[in-house]
Amino acid sequence: MQLSEQELVRREKLNKLREMGINPYPANLYPVTHTSKQVKATFEEGKTVNVAGRLMSIRVQGKASFAQLQDSEGKIQVYFNRDEICPGDDKTKYNDLFKKLIDFGDFVGVEGELFTTQVGEKTIKAKDFTLLSKTLKPLPLPKEKDGVTYDAFTDPEQRYRQRYADLVVNPHVKNVFIKRTKLFNAMRQFFNDAGYFEVETPVLQPIPGGAAARPFVTHHNSLDIPLYMRIANELYLKRLIVGGFDGVYEFSKNFRNEGMDRTHNPEFTAMEIYVAYKDYNWMMLFCEQLLEHCAIAVNGTTKATFGNHDIDFKAPYARVTMADSIKHFTGFDISGKSEEEIRKAAKDMGVAVDDTMGKGKLIDEIFGEKCEGNYIQPTFITDYPKEMSPLCKEHRENPELTERFELMVCGKEIANAYSELNDPIDQRERFEHQLELAKKGDEEATGTIDYDFLRALEYGMPPTSGMGIGMDRLLMFLTNNQSIQEVLFFPQMKPEKKQVEMNEDEKAVFALLKTTSPIELVDLKERSGLSNKKWDKTIKFLTGQKLAKVNKIDNDLFVEVIL
RNA sequence: GACUCGGUAGCUCAGCUGGUAGAGCAUAACACUUUUAAUGUUAGGGUCCUGGGUUCGAGCCCCAGCCGGGUCACCA
């Protein structure tokens, strides 16, 4: 491993500590009495406290030093005075241990008395301190003065790959994740108070249903069948409504094997809730109350800022039917129009459409192009075309529509809800229709019918309303983050290519291979000039490190370089 | 997938028409007992993402690739 100068220095310090009889990674607990926040909140001159955390920004001033100690709740200043720490003649603990062997980032426990400095800062005067854990790698080091941060750790790639470092040095990042947990807790509490059950359903599914998306496939060895990672939990939750629960919900990790961008991560968290004997009108009321509750729990207010937009989650939210929305923004009234009339209107508006699109798809295209982006404040868009919604009940007044709403915020969808389809025959027909579309090559259509789900519906499902909320998206709005990566601890990244260390033989063979690849194995071995044993070891290393690959073509072996 | 911007010290970033690689902080040494981006003096630290090419000479120009950001396309 290639170490930087600073990393080598810290390893030397580690050795010196051990020579001094100090364990840099002691096993025993440290008796913490206060967090940094508690120290400040219950500050009393002269009070004795024990705190623990990382030392940040150590400012040595000869026989006394100031440091910031950072714990889970913030920072507190600690004053290290030589004669306080070393009351006797032996000053090594301050002169050598503190000044020379303790670094920025190290964990220490401090026992001391509270006092206020001449500049008025609440400070702990250390009477004693204990090294709790030595850091070998220097953290990125942002500095702050008067609220301005200098040399901030901002490179997104490094921040996402090394979230641990990001969290240590960027308090605002930590705050996003505190809000994330507050959001989940608030929502969970709201549902529990309403009397609904939190449940768990399978992540590994034999048929990936409930949405149209490409799933991840895996294989179960003893069953010897393919299993799919869930793309939605809808069909399982409805089975539970069939089973007799009045309300069930689940925070579900879903997995979709599709493109990644600033609003899509391969795994993301959705919340889905299903409530019996309700319809989508009830769900709209429930939804706006829920979001108002969550916004307050997370931010203390219903107001939020997202980019240039000020939004307010205070209920009630505007309700607009899709037809009215299109009429409002384009002047075109879709009601009662034929597919051809709508296609022509779309073309006249400059919306890109083609002849394969059905009526529903055309309407959706027009809405997406001309209307969607205009809804900044939370707005329910209702009554979607039937084709787009194979799991949704037909509208009670118009058979071309469904009882569905989406909640739009800043032009983006954050919730999607239905009066759930519970007619098993209709559901079967719609699945079969999807199957037809899929056979014709519609990639959005679902290609497999979940007959077990249909069997469940045949036992009878009460009228039910269901809703899904994209938790990551919602959190983006509540924390003013434009990128989903900022609200996931560990967003998916391409693996880092690690620099492989090779010995001289391996380097030589690899260099040969790079000039000619693929090359016959015998030929490469010849050219390497290595003994049988050495050759064997070398080629096994290269293939083991996935730097080279051996292929058998007919009866000849070829070695190929892997880039 | 397309376009575009970027990758230089532990961190944040400069780097001239192509001519021995820089700063601040951090690190090491010395001084300094209420400072706070502490300060002063001194020193060390680099595979300029990788691989090719052009050139007497490449961090810089050209080609290919890797990784990331952004925009667009795709997206129940």
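Predicted model only: the values in this text are computed from it and were never measured. Each chain gets a letter, A, B and so on, in the order the sequences are listed, and its residues count up from 1.
- OP1 and OP2 of B:rA76 both lie 4.0 Å or more from every side-chain N or O belonging to A:R256.
- Set against B:rC25, B:rA28, B:rU35, the side chain of A:K143 has B:rC25 as its closest nucleotide.
- Nucleotides B:rC56 and B:rC63 place their C1' atoms 22 Å apart, quoted to the nearest Å.
- At the heavy-atom level, A:R262 lies under 4.0 Å from the strands shown only through sugar-phosphate atoms.
- Among the protein residues, A:E121 comes within range of the nucleic acid bases, having at least one heavy atom under 4.0 Å from a base atom.
- In this structure, A:K100 reaches the B:rC30 phosphate: one of its side-chain N or O atoms is under 4.0 Å from OP1 or OP2.
- Contact annotation: side chain of A:D155 to base of B:rG69, donor-acceptor pair absent below 3.5 Å.
- Residue-level contact check: A:Q482 touches neither bases nor backbone, having no heavy atom under 4.0 Å from any strand.
- Remark: the separation of the P atoms in B:rG59 and B:rU50 is 11 Å, to the nearest Å.
- Under the Watson-Crick or G-U wobble criterion, with both distances below 3.5 Å, B:rA2 is paired with B:rU71.
- In the set B:rC32, B:rA76, B:rU27, B:rU27 carries the atom at the smallest distance from any side-chain atom of A:V9.
- Closest to the side chain of A:D261, out of B:rA73, B:rC32, B:rG69, is B:rA73.
- At the heavy-atom level, A:P142 lies nowhere under 4.0 Å from the strands shown.
- Closest approach to the A:Y160 side chain among B:rA28, B:rG69, B:rU35 is made by B:rG69 (side chain taken as heavy atoms from C-beta onward).
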Ignoring hydrogens and angles, write down the donor-acceptor pairs under 3.5 Å from the side chains of residues 59-67 of chain A, residues two or more places apart or on other chains.
residue	atom	partner	partner atom	Å
A:R59	NH1	A:S57	OG	3.4
A:R59	NH2	A:Q77	OE1	3.0
A:S65	OG	A:Y94	OH	2.7

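- Look at the P atom in both B:rG44 and B:rA28: the space between them is 16 Å, to the nearest Å.
- A:V169 comes within 4.0 angstrom of no nucleic acid atom, judged by non-hydrogen atoms across all strands.
- Relative to the ring axis of A:F80, A:K99 does not place its NZ or CZ within 45° and under 6.0 Å from the centre.
- Closest to the side chain of A:F153, from the set B:rU27, B:rU12, B:rA38, is B:rU12.
- Distance noted for atom P between B:rG19 and B:rC5: 23 Å (whole Å).
- Heavy atoms of A:K75 sit nowhere under 4.0 angstrom from any nucleic acid atom.
- A:K125 forms no cation-pi arrangement with A:Y79, by the criterion of a distance under 6.0 Å to the ring centre and an angle within 45° of the ring axis.
- For B:rU54 and B:rG18, the C1' atoms lie 11 Å apart once the distance is rounded to whole Å.
- Across all strands shown, A:Q158 has heavy atoms under 4.0 Å from sugar-phosphate atoms exclusively, and none from any base.
- For the side-chain contact (heavy atoms from CB on, under 4.5 Å) criterion with A:K253, the lone passing option out of A:N233, A:V203, A:T269 is A:T269.
- Base engagement by A:F115 is indicated by at least one non-hydrogen atom pair under 4.0 Å involving a base atom.
- Residues A:D261 and A:T263 have side chains that bring a donor and an acceptor to within less than 3.5 angstrom of each other.
- Among B:rC25, B:rA38, B:rG69, the nucleotide with an atom closest to any side-chain atom of A:L141 is B:rC25.
- Nucleic acid contact for A:A232: none, since no nucleic acid atom lies under 4.0 Å from a heavy atom of the residue.
- Partners of A:R82 according to the side chain to side chain donor-acceptor pair (under 3.5 Å) rule, which considers only residues two or more places apart in sequence or in another chain, do not exist here.
- B:rA58 is unpaired under the criterion used here, namely a Watson-Crick or G-U wobble arrangement in which both key atom distances are under 3.5 Å.
- Looking only at atom types and distance, the side chain of A:N416 has no donor-acceptor partner in the side chain of A:Y384 under 3.5 Å away.
- The nucleotide B:rU27 finds its pairing partner in B:rA43, both defining distances of the Watson-Crick or G-U wobble pair being shorter than 3.5 Å.
- Using modelled atom types, one finds a donor on one side chain and an acceptor on the other under 3.5 Å when comparing A:T479 with A:N481.
- Rounded to a whole angstrom, the distance from the C1' atom of B:rU36 to that of B:rC60 is 41 Å.
- Side-chain N/O atoms of A:Q118 include none lying less than 4.0 angstrom from OP1 or OP2 on B:rU36.
- Between the P atoms of B:rG1 and B:rG45, the separation comes to 43 Å (whole Å).
- Applying the 3.5 Å distance criterion, the base of B:rU39 shares no donor-acceptor pair with the side chain of A:Q61.
- Rounded to whole Å, atom C1' of B:rG70 lies 17 Å from atom CD1 of A:I484.
- Listed candidates were B:rA26, B:rC32, B:rU12. Nearest to the side chain of A:T154 is B:rU12.
- Comparing B:rA14 with B:rA2, their C1' atoms are spaced 32 Å from each other, to the whole Å.
- For A:Q485, the listed nucleotide lying nearest its side chain is B:rG69; candidates were B:rU33, B:rG69, B:rC67.
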